[in-house]
Amino acid sequence: MHQTWNSLLTANRRPTALPAINFDEIVSSIFATGSCYYYVIDFFDMSISHISAGFSEAHGMNAQEIKTINDILGLIHPEDIDFVSRAEKRAYDFMYERLQPQKFTRYKASYNFRFKTADSSYRLFNHQALILTTDENNNFIKSLNIHTDISHFAQNNNGKFSLIGLAGEPSYLNMDVDEKEHAGRPDENLFSKREIEVVRLIAKGYDSRGIAHDLCISEETVRTHRRNILAKSGCKNASELIALSMSEGWI
């Protein structure tokens, strides 16, 4: 993993200050559902900070003992390390090649892998990373990472990664980590941009009335979107939809 990051951050890295951030507000606004925790990684020195309390519950370790990214990488299933390295490289390559630097902080990368948990078993987690700061050379310096146990939704890693646009930016979904030809067309999955918004709100627990209010559309329009979403995804209900969305990286 260090080799991967060092190969991507080719320019001279410069430390950056972390702006005043309401972490709970960010997490609630970009994350869907499930038990999760977050932390900040500083790529300048690979240190970990601002780790939330959920880490101890998930992994049975004292969060105060986590000082560097190596302490977290050691919990990844050995068979998944190579996939994580490739997913990191593909996400970084895509952002540097396809996005304007000023938009780096408007995207979160998402993929899945197995993590060692408090009971010493390995469970499937979803990883999301949101760039918080860059230096003058456009190197990623600080990133907010969010890990969520999705084993109650999915058991198998789909081997994909997604770059999910925030603040109105388009999303690039369900991309294969080994197929560059596949990348580049936004919102490639089955759903329209509006349907993706509805899926994310369903995952947050909103009912049709709440979705209608949040998106400023009628409840009948929401019900139509929900029927179309279930039909396109092949899901029978919202629970199946959330499980599939989590495993596929749509949210």
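Keep in mind the model is a prediction, meaning the values are calculated, not measured.
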Which class fits the ring pair H147 and H127: parallel under 30°, tilted 30 to 60°, perpendicular over 60°?
tilted

Are the side chains of F83 and N157 in contact, using a 4.5 Å heavy-atom criterion?
yes

Would F125 and F113 count as a ring-ring contact (aromatic ring centres under 6.0 Å, His included) here? Give the steps.
CA-CA 6 Å; F125 275 66; F113 58 84; 7.4 Å; no

Side-chain donor or acceptor of T133 paired with backbone N/O of K142 under 3.5 Å:
yes

Report yes if some heavy atom in the side chain of S233 is under 4.5 Å from a heavy atom in the side chain of L241; otherwise report no.
yes

Y92 with I81, same ILVMFWY side-chain cluster at under 4.5 Å
yes

For the aromatic rings, using the six-membered ring if either is Trp, is the centroid distance between F55 and Y38 under 6.0 Å?
no

Is there a side-chain contact between N138 and M95, using heavy atoms and a 4.5 Å cut-off?
no

Charged N-O contact under 4.0 Å between E220 and R227
yes

Can you tell if the side chain of L132 reaches within under 4.5 Å of the side chain of T105, non-hydrogen atoms only?
no

Check the orientation of Y172 and Y107. Use parallel for under 30°, tilted for 30 to 60°, and perpendicular for over 60°.
tilted

Considering only distance and modelled atom types, tabulate donor-acceptor pairs under 3.5 Å from the side chains of residues 57-64, sequence neighbours left out.
residue: H59; atom: ND1; partner: K116; partner atom: O; Å: 2.6
residue: H59; atom: NE2; partner: Y37; partner atom: OH; Å: 2.6
residue: N62; atom: OD1; partner: Q64; partner atom: N; Å: 2.9

So, N137 side chain and N139 main chain: donor-acceptor pair closer than 3.5 Å or not?
no

Check whether any side-chain heavy atom of I229 sits under 4.5 Å from a side-chain heavy atom of V198, and report yes or no.
yes

Side chain proximity check, R114 to R123, heavy atoms < 4.5 angstrom
no

Electrostatic pair D71:K67 at N-O distance under 4.0 angstrom
no

Quick check: is I242 connected to L230 through a chain of hydrophobic side chains (ILVMFWY, heavy atoms under 4.5 Å apart)?
yes

Find out whether H225 and E197 are in side-chain contact, i.e. whether some heavy atom of one side chain is under 4.5 Å from a heavy atom of the other.
no

Test log, rule side chain to side chain donor-acceptor pair (under 3.5 Å), inputs T224 and T221:
CA-CA 5 Å; T224 298; T221 299; 6.0 Å; no

